[in-house]
Amino acid sequence: MINIRLQKISDAKRFYEILNNPSFKYFNVQPNSIEEEIEYLKWNEKRIKDNIEYNYTILKDRDVIWAIGVKIKPNSNFIGEIWYFLDEKYWWHGITSQAVKLIEEVCIHKLNLTRLEIYMQLENKASEKVAIKNFYEKEGILKQFIKHKDSSKKDCYLYAKIVW
Ligand SMILES: CC(C)(COP(=O)(O)OP(=O)(O)OC[C@H]1O[C@@H](n2cnc3c(N)ncnc32)[C@H](O)[C@@H]1OP(=O)(O)O)[C@@H](O)C(=O)NCCC(=O)NCCS
């Protein structure tokens with residue numbers, strides 16, 4: 001059984017474990033310690049208050065397996081960027097494709113966003129497939145847009161969905 005809820009500081013240990021996985025080749029967020037992750041999570045309340053970012057946790061049978069969030073584009077209150085990551089144990093089961101629908105509910109009905117974006121490095125086929133399966137359209141390539149783990153800058157695809 002899968003449930004979604006706002007992130008809690010107690011999620012820090014699991015996020016630290018999930019993110020420090022060498023298989024996360026195209027995701028450049030790797031906390032150096034659990035304390036660093038706690039520090040990040042502490043700011044979530046303020047991010048919501050300031051309408052900057054809404055971050056959620058997915059639980060499977062009460063275990064934290066996954067995170068998804070939406071960042072509101074600065075100086076706009078109608079564009080959101082969706083991001084996600086999932087514990088490798090659960091890859092390839094369609095969980096993220098389904099979970100995007102859950103965050104879209106928040107984006108559309110709670111935040112009144114009318115344009116949703118997903119960015120991914122060109123090589124990140126799993127993330128691209130998640131976007132395509134959720135009917136996002138490829139709008140182009142953004143050159144040197146994402147900072148890679150080794151600090152090099154990588155091109156990425158921009159996928160977007162307009163909510164009418
Ligand atoms: C991206 C990510 C969240 C996808 O999660 P997931 O739950 O495995 O995704 P889904 O199972 O919904 O898979 C989406 C599709 O991509 C396919 N896919 C998964 N991994 C793939 C890969 N490495 N290469 C090609 N296709 C892949 C799946 O088969 C599925 O297609 P299908 O339904 O036609 O079989 C997960 O791989 C992840 O956490 N990666 C690391 C973090 C990351 O890169 N986040 C995205 C940053 S933009």
Side-chain angles (χ1 to χ4, degrees), residues 1-74 76-77 79-113 116-121 123-131 133-134 136 145-151 154 156 159 161:
M1 165 109 164
I2 287 184
N3 289 302
I4 185 168
R5 61 149 168 77
L6 282 168
Q7 292 180 353
K8 293 182 182 173
I9 290 174
S10 56
D11 297 339
K13 185 166 176 285
R14 283 291 290 137
F15 287 158
Y16 171 77
E17 288 165 1
I18 295 169
L19 286 167
N20 277 287
N21 174 347
S23 302
F24 275 47
K25 289 194 215 139
Y26 312 115
F27 199 75
N28 64 1
V29 179
Q30 264 82 38
N32 290 313
S33 62
I34 296 174
E35 290 69 32
E36 194 179 297
E37 187 58 19
I38 290 173
E39 207 45 46
Y40 174 83
L41 292 171
K42 272 188 190 164
W43 286 91
N44 270 344
E45 212 174 308
K46 172 115 172 79
R47 293 186 185 101
I48 291 176
K49 192 164 155 270
D50 295 344
N51 197 36
I52 290 174
E53 194 168 340
Y54 296 78
N55 293 329
Y56 291 84
T57 293
I58 296 262
L59 302 138
K60 187 172 188 308
D61 304 327
R62 298 168 75 184
D63 184 26
V64 170
I65 62 163
W66 191 82
I68 192 165
V70 57
K71 290 183 198 164
I72 312 294
K73 227 13 157 221
S76 103
N77 56 1
I79 302 175
E81 176 198 338
I82 293 175
W83 61 268
Y84 34 73
F85 67 78
L86 172 70
D87 186 340
E88 190 181 0
K89 266 194 294 184
Y90 299 96
W91 288 6
W92 298 88
H93 294 292
I95 292 180
T96 305
S97 297
Q98 286 172 40
V100 165
K101 295 180 180 62
L102 299 176
I103 193 81
E104 283 183 345
E105 283 292 306
V106 174
C107 293
I108 298 167
H109 300 296
K110 183 166 177 247
L111 306 176
N112 297 318
L113 303 179
L116 307 178
E117 299 180 339
I118 305 179
Y119 303 94
M120 73 286 299
Q121 283 189 33
E123 301 82 1
N124 197 344
K125 296 298 168 205
S127 184
E128 185 177 10
K129 198 93 182 273
V130 168
K133 281 172 70 179
N134 281 284
Y136 286 70
F145 188 75
I146 293 183
K147 212 166 191 186
H148 195 57
K149 283 178 174 187
D150 63 6
S151 290
K154 296 285 183 185
C156 73
Y159 274 79
K161 180 189 272 191

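- Residues Y40 and V29 are not in side-chain contact: their nearest non-hydrogen atoms beyond the backbone lie 4.5 Å or more apart.
- Between E39 and W43, the closest heavy-atom pair is O-CD1, 3.0 Å.
- Between atom CD1 of residue I95 and atom CD1 of residue I68 there is a gap of 12.0 Å, rounded to the nearest 0.5 Å.
- Using a 4.0 Å cut-off between charged nitrogen and carboxylate oxygen, K73 and E117 count as a salt-bridge pair.
- Here the CE-SG distance, from M120 to C156, works out to 8.0 Å after rounding to the nearest 0.5 Å.
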Trace of the side-chain contact (heavy atoms from CB on, under 4.5 Å) decision for L6 with N44: CA-CA 9 Å; L6 282 168; N44 270 344; over 6 Å; no
So Q121 and N28, side-chain contact (heavy atoms from CB on, under 4.5 Å) or not? Walk me through it. CA-CA 11 Å; Q121 283 189 33; N28 64 1; over 6 Å; no
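- Note on ring orientation: taking the six-membered ring where Trp is involved, the planes of H148 and Y26 are tilted (angle from 30° to 60°).
- The side-chain heavy atoms of L41 and I38, taken from C-beta on, include no pair separated by under 4.5 Å.
- Of the possible donor and acceptor atoms, one in the side chain of D87 sits under 3.5 Å from a partner among the backbone N and O of K89.
- No donor-acceptor pair under 3.5 Å is formed between the side chain of D63 and the backbone N or O of I65.
- Taking the side chain as every heavy atom from C-beta outward, I118 and Y84 approach each other to under 4.5 Å.
- A salt bridge links E104 with K161: the distance from a Lys NZ or Arg NE/NH1/NH2 to an Asp or Glu carboxylate oxygen falls below 4.0 Å.
- Enclosure of atom CD in E45 is not indicated, since only 12 or fewer non-hydrogen atoms of other residues, nucleotides or ligands lie within 6.0 angstrom.
- Residues satisfying the side chain to side chain contact (heavy atoms under 4.5 Å, CB included) test with E36, not counting sequence neighbours, are P31, N32, S33.
- Taking CD of Q98 as the start and CD1 of I4 as the end, the distance is 12.0 Å to the nearest 0.5 Å.
- With hydrogens and angles left out, the side-chain atoms of Y90 and T96 include no donor and acceptor closer than 3.5 Å.
- A centroid separation of less than 6.0 Å is found between the aromatic rings of W91 and F24.
- Looking only at distances, no side-chain donor or acceptor of N55 sits under 3.5 Å from a matching main-chain atom of Q7.
- Taking NZ from K25 and CG from N124, the interatomic distance works out to 9.5 Å, rounded to the nearest 0.5 Å.
- Taking both residues in full, the closest heavy atoms of E37 and A12 are given as CG-O, 3.6 Å, listed atom of the first, atom of the second, then distance.
- Rounded to the nearest 0.5 Å, atoms CD1 (I58) and CG (L86) are 9.0 Å apart.
- Ring geometry for F85 against W83 counts as parallel: the plane angle stays under 30°, on a 0 to 90° scale with 60° as the upper cut.
- N20 places no side-chain N or O within 3.5 Å of a backbone atom of Q30 that could act as its donor or acceptor partner.
- Within the 4.5 Å cutoff, side-chain heavy atoms of V106 are placed close to those of Y56.
- Nearest heavy-atom pair, L111 versus V70, reported as atom, atom and distance to 0.1 Å: CD1-CG1, 3.9 Å.
- Partner R14 forms a side chain to side chain contact (heavy atoms under 4.5 Å, CB included) with one of V64, L59, L19 and no other, that one being V64.
- Atom NZ of K49 has 12 or fewer neighbouring heavy atoms from other residues, nucleotides or ligands inside a 6.0 Å radius.
- Considering all non-hydrogen atoms of both residues, L113 and N77 come closest at CD2-O, 3.6 Å.
- Under 4.0 Å is where a charged nitrogen must lie from a carboxylate oxygen, and between E17 and K13 at least one such pair does.
- Atom CZ of F15 sits about 3.5 Å away from atom OG1 of T57, to the nearest 0.5 Å.
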